[in-house]
Q: 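Please find one structure pasted underneath; my questions will follow.
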Amino acid sequence: GFIMVTLGAIVDALKCIEYSGASAAVMPGLKEKLLKKGAMIAEFILHHFCNPETGHFWEYNCKEGNPYITPEGYMICDPGHVAEACGFIAELEGISAEFKGRFSPTLVKILRFTSDKGYGKAGIMFKNFDLLTGEGLFDKTDVKGRKHRTSPWWNVRECCAASMKLYEITGEMACLEIYKKAQN
């Protein structure tokens with residue numbers, strides 16, 4: 001959570017610098033420092049929380065650095081957090097020509113996998129699903145003890161934003177399909 005929020009703040013600061021024009025003169029070297037820090041964070045996230053071959057992106061790691069498997073045997077994926085991370089990293093890539101193509105192939109693969117597995121039969125994006133089985137996970141229990149799978153509104157909003165940014169920087173039609181699915 002904290003590391004992604006930090007990346008989001010870096011991206012926002014970089015956009016302010018880009019659009020203001022004055023910040024570069026007032027704070028020389030700031031843009032370069034922020035780009036370097038943003039790239040370090042993006043690489044950390046992609047190295048420690050995803051498998052670039054499969055597109056799996058998990059929510060938690062063990063203290064040893066491996067993906068955390070819950071006592072129930074689940075490897076949790078939160079599609080909203082996945083989309084949020086993909087969006088922040090895509091924004092970072094889009095800000096600097098030096099990053100062109102550095103992250104986006106992996107991001108598209110991650111977002112495609114999450115879009116393929118993150119929805120229930122009714123077409124609603126789960127809060128969480130299990131990367132090992134692809135099944136939606138129960139994440140809330142009501143006062144009567146019944147378990148529910150929830151679907152926060154912001155998951156699809158983040159998916160829409162990330163897919164459109166990735167489409168903008170890659171031109172990949174799969175990104176438009178991911179966007180359409182989230183919109184529906």
Side-chain angles (χ1 to χ4, degrees), residues 1 3-5 7-8 11-12 15 38 41-43 45-61 67-70 72-95 99-140 142 146-184:
I3 195 160
M4 267 196 346
V5 171
L7 180 58
V11 168
D12 285 346
K15 286 194 273 187
I41 292 170
E43 288 169 354
I45 290 169
L46 293 175
H47 180 74
H48 292 285
F49 291 92
C50 88
N51 178 333
E53 300 302 316
T54 63
H56 290 176
F57 193 111
W58 50 90
E59 188 73 6
Y60 307 106
N61 282 337
Y68 175 71
I69 307 295
T70 68
E72 300 81 19
Y74 304 129
M75 185 187 304
I76 296 174
C77 176
D78 179 326
H81 288 166
V82 171
E84 187 176 32
C86 288
F88 287 155
I89 297 169
E91 290 271 1
L92 179 71
E93 182 173 317
I95 289 171
F99 296 149
K100 185 167 177 57
R102 183 170 174 177
F103 306 114
S104 53
T106 300
L107 299 175
V108 170
K109 188 179 283 187
I110 291 167
L111 205 57
R112 181 182 289 155
F113 175 82
T114 303
S115 179
D116 288 347
K117 301 293 183 188
Y119 291 86
K121 291 176 185 155
I124 299 172
M125 186 182 275
F126 294 121
K127 165 64 177 143
N128 294 318
F129 71 93
D130 179 23
L131 284 172
L132 303 175
T133 65
E135 294 295 316
L137 296 174
F138 294 100
D139 59 295
K140 294 289 181 197
D142 66 23
R146 292 179 299 213
K147 295 183 178 201
H148 301 276
R149 293 178 182 102
T150 65
S151 301
W153 65 269
W154 63 270
N155 278 14
V156 290
R157 183 261 171 249
E158 293 293 346
C159 188
C160 288
S163 60
M164 289 312 298
K165 186 61 183 181
L166 283 168
Y167 176 71
E168 178 187 312
I169 63 178
T170 68
E172 286 200 36
M173 293 306 289
C175 297
L176 285 181
E177 294 305 316
I178 293 166
Y179 175 81
K180 287 179 194 176
K181 186 175 184 178
Q183 282 292 312
N184 289 327

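This chain uses plain numbering: 1 for the first residue, then up along the sequence.
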Q: Could you tell me which residues satisfy side-chain contact (heavy atoms from CB on, under 4.5 Å) with A182, sequence neighbours excluded, listed by chain and number?
A: Y119, V156, C159, C160

Q: Could you please spell out the steps behind the side chain to side chain contact (heavy atoms under 4.5 Å, CB included) verdict for L46 and I110?
A: CA-CA 10 Å; L46 293 175; I110 291 167; 3.8 Å; yes

Q: Let me confirm one number: the CD-CG distance from E93 to L107, rounded to the nearest 0.5 Å.
A: 7.0 Å

Q: Just list the side-chain donor-acceptor pairs under 3.5 Å for residues 121-130, sequence neighbours left out, or say none.
A:
unit_1: K127; atom_1: NZ; unit_2: D78; atom_2: OD2; d: 2.2
unit_1: D130; atom_1: OD1; unit_2: M75; atom_2: N; d: 2.8
unit_1: D130; atom_1: OD1; unit_2: L132; atom_2: N; d: 3.1
unit_1: D130; atom_1: OD2; unit_2: T133; atom_2: N; d: 3.4
unit_1: D130; atom_1: OD2; unit_2: T133; atom_2: OG1; d: 3.0

Q: For the pair L111 and C175, evaluate side chain to side chain contact (heavy atoms under 4.5 Å, CB included) and give the outcome as yes or no after the intermediate values.
A: CA-CA 8 Å; L111 205 57; C175 297; 6.0 Å; no

Q: R112: which residues meet the side chain to side chain donor-acceptor pair (under 3.5 Å) condition with it, sequence neighbours left out?
A: none

Q: What pairs with K165 under side-chain contact (heavy atoms from CB on, under 4.5 Å), at least two apart in sequence or on another chain?
A: A90, E91, E168, I169

Q: Quick check on side chain to side chain contact (heavy atoms under 4.5 Å, CB included): which of F57, F88, F103 does I45 satisfy it with?
A: F57

Q: Scan for side chain to side chain donor-acceptor pair (under 3.5 Å) pairs involving residues 147-161, sequence neighbours excluded, and state none if there are none.
A: D139-T150, D142-H148

Q: Test of understanding: with side chain to side chain donor-acceptor pair (under 3.5 Å), list the residues that count as partners of E84, not counting sequence neighbours.
A: none

Q: Given side chains that start at C-beta, do those of L92 and F99 come closer than 4.5 Å, heavy atoms only?
A: yes

Q: In Å, rounded to the nearest 0.5 Å, how long is the span from OG of S163 to NZ of K181?
A: 12.0 Å

Q: Going from CG on L131 to OG1 on T54, what distance comes out if it is rounded to the nearest 0.5 angstrom?
A: 8.0 Å

Q: My understanding is that only residues two or more places apart in sequence, or in another chain, count here; which of them pass salt bridge (Lys or Arg N to Asp or Glu O under 4.0 Å) with K180?
A: E177

Q: Return the set of residues passing side chain to side chain donor-acceptor pair (under 3.5 Å) with E53 (not counting sequence neighbours), or none when no residue passes.
A: none

Q: Taking side chain to side chain donor-acceptor pair (under 3.5 Å) as the test, write out the residues that go with N61, two or more places apart.
A: W58

Q: Could you list the residues that satisfy salt bridge (Lys or Arg N to Asp or Glu O under 4.0 Å) with E135, not counting sequence neighbours?
A: none

Q: Test: ring pair (Phe, Tyr, Trp, His ring centres under 6.0 Å). Region: residues 157-176. Which pairs qualify, not counting sequence neighbours?
A: none

Q: C50 and P52: which non-hydrogen atoms are nearest, and at how many Å?
A: O-CD, 3.6 Å

Q: Rounded at 0.5 Å granularity, tell me how far CD in Q183 sits from CE in M164.
A: 9.5 Å

Q: A quick test of your reading: do over 12 heavy atoms of other residues, nucleotides or ligands sit less than 6.0 Å from CZ of F49?
A: yes

Q: Might you work through the side chain to side chain contact (heavy atoms under 4.5 Å, CB included) test for Y60 and T70, ending with a clear yes or no?
A: CA-CA 9 Å; Y60 307 106; T70 68; over 6 Å; no

